[in-house]
*Asks:* 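Dropping a structure here in structure tokens format, bear with me for questions.
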Amino acid sequence: MRYLLDTADLAAIRRFCDIFPVAGVTSNPSIVKKEGKIDFFAHMNEIRSIIGPGKPLHIQVTALDTEGMIRDADTLLTKVDKEVYVKVPVTMEGIRAIKRLKAQGVHVTGTAIYSSQQGFLAMEAGADCIAPYFNRMENMGLDPDGIIAALAEMIRLYQYPTEILAASFKNAGQVDRAFLAGAQTATMDPSILEGVLTQPHITNAVAAFDADWKSVFGECTLAEL
Ligand code: G3P
């Protein structure tokens, strides 16, 4: 299992990369919007410098047509670096862009995936990662667990080199389900990770351990004994 941060908030990326085993960072234009009118490439380069050169940084194209997506990809590779995973929505224009970018050896992530067949096509077009939108599918009455399981089964059966990068989560239970269905990787808002480790029952348990220790040893910590 790998955890990615689905945010462009620099302070959050710094903080959560320090605390959690974060494998990389993803964003999309809606996530970028939350940061305001940033100096986009400087911002993405800052994310790269925070996470380091070895971790995947996924950045989405904004053009809607194949040629524009390819120009966006070239710009990302030039102004950020050659290791960027170029996120391309799996549309009619997008799938053509995925094929062309893979022919050039670019890392590509097929995104905005709402069905198994859309994912299969992205796999066959050569996408390195595919991003099924878990919460959005659930909201539509679809079966995100089954769709991710189908993607995982085809990857296993035909040994595609594709990674399932599940996205669009609103709670940790959805992340559990995506991993159990076969997603190797999940990208999420940092608040979901924080929520996992800050539940009241956890802090209450730790407070009880602390009180019991101090009732016997006072303020002396284990290291100070
Ligand atoms: O990475 C895609 C994801 O950010 C979409 O999430 O919360 O807008 O459904 P959401």
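Both counts, for ligands and for their atoms, begin at 1 and track the order of listing. The residues of the chain are indexed from 1 along the displayed sequence.
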*Asks:* Look up atom CG in N28 and atom OG1 in T109, then write down how far apart they are to the nearest 0.5 Å.
*Replies:* 12.5 Å
*Asks:* Examine the proximity of ligand 1 to A167 and report which part, side chain or backbone, both or neither, has a heavy atom under 4.0 Å away.
*Replies:*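 Side chain only.
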*Asks:* Can you tell me how far NZ of K33 sits from CD1 of I38, rounded to the nearest 0.5 angstrom?
*Replies:*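 Atom-to-atom, I38:CD1 and K33:NZ are 13.5 Å apart.
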*Asks:* Atom 4 (O) of ligand 1: which protein heavy atom is closest, and how many Å away?
*Replies:* D6 OD2, 2.6 Å
*Asks:* Check whether any side-chain heavy atom of S168 sits under 4.5 Å from a side-chain heavy atom of M137, and report yes or no.
*Replies:*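 SC-SC contact between S168 and M137 ruled out.
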*Asks:* Report the nearest protein non-hydrogen atom to atom 7 (O) of ligand 1: residue, atom name, distance rounded to 0.1 Å.
*Replies:* K170 NZ, 2.6 Å
*Asks:* Taking the side chain as every heavy atom from C-beta outward, state whether E224 and E219 have any pair of such atoms under 4.5 Å apart.
*Replies:*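 E224 vs E219: side chains apart.
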*Asks:* Look at the side chain of K55 and the backbone N and O of V22, then say whether any donor-acceptor pair between them is shorter than 3.5 Å.
*Replies:*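 Yes.
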*Asks:* Should you measure from each heavy atom of I31, which atoms of ligand 1 turn up under 4.0 Å away?
*Replies:* 4 (O)
*Asks:* Have a look at ligand 1 and work out which part of F169, if any, has a heavy atom under 4.0 Å from it: side chain, backbone, both or neither.
*Replies:*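 Looking at F169 and ligand 1, no heavy atom falls under 4.0 Å.
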*Asks:* Relative to each other, are the rings of Y114 and Y133 parallel, tilted or perpendicular (30° and 60° limits)?
*Replies:* perpendicular
*Asks:* Less than 4.0 Å is my threshold; does some heavy atom of N135 fall inside it relative to ligand 1?
*Replies:* no
*Asks:* Give, for atom CD of Q118 and atom OG1 of T111, the distance between the pair rounded to the nearest 0.5 Å.
*Replies:* 9.0 Å
*Asks:* Is the F20 ring parallel, tilted or perpendicular to the F16 ring (thresholds 30°, 60°)?
*Replies:*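 Ring orientation of F20 relative to F16: parallel.
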*Asks:* Applying a 4.0 Å heavy-atom criterion (strictly less than), which segment of T111 is in contact with ligand 1: side chain, backbone, both, or neither?
*Replies:*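 It is neither part, as no heavy atom is under 4.0 Å.
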*Asks:* With a 4.0 Å cut-off on heavy atoms, does K87 reach ligand 1?
*Replies:*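 Heavy atoms of K87 do come under 4.0 Å of ligand 1.
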*Asks:* Identify the closest protein heavy atom to atom 2 (C) of ligand 1: which residue and atom is it, and at what distance?
*Replies:* Y133 CE1, 3.3 Å
*Asks:* Could a heavy atom of T26 be found less than 4.0 Å from some atom of ligand 1?
*Replies:* no
*Asks:* What residue and atom, counting heavy atoms only, is the protein's closest point to atom 8 (O) of ligand 1, and at what distance?
*Replies:* R136 NH2, 2.7 Å
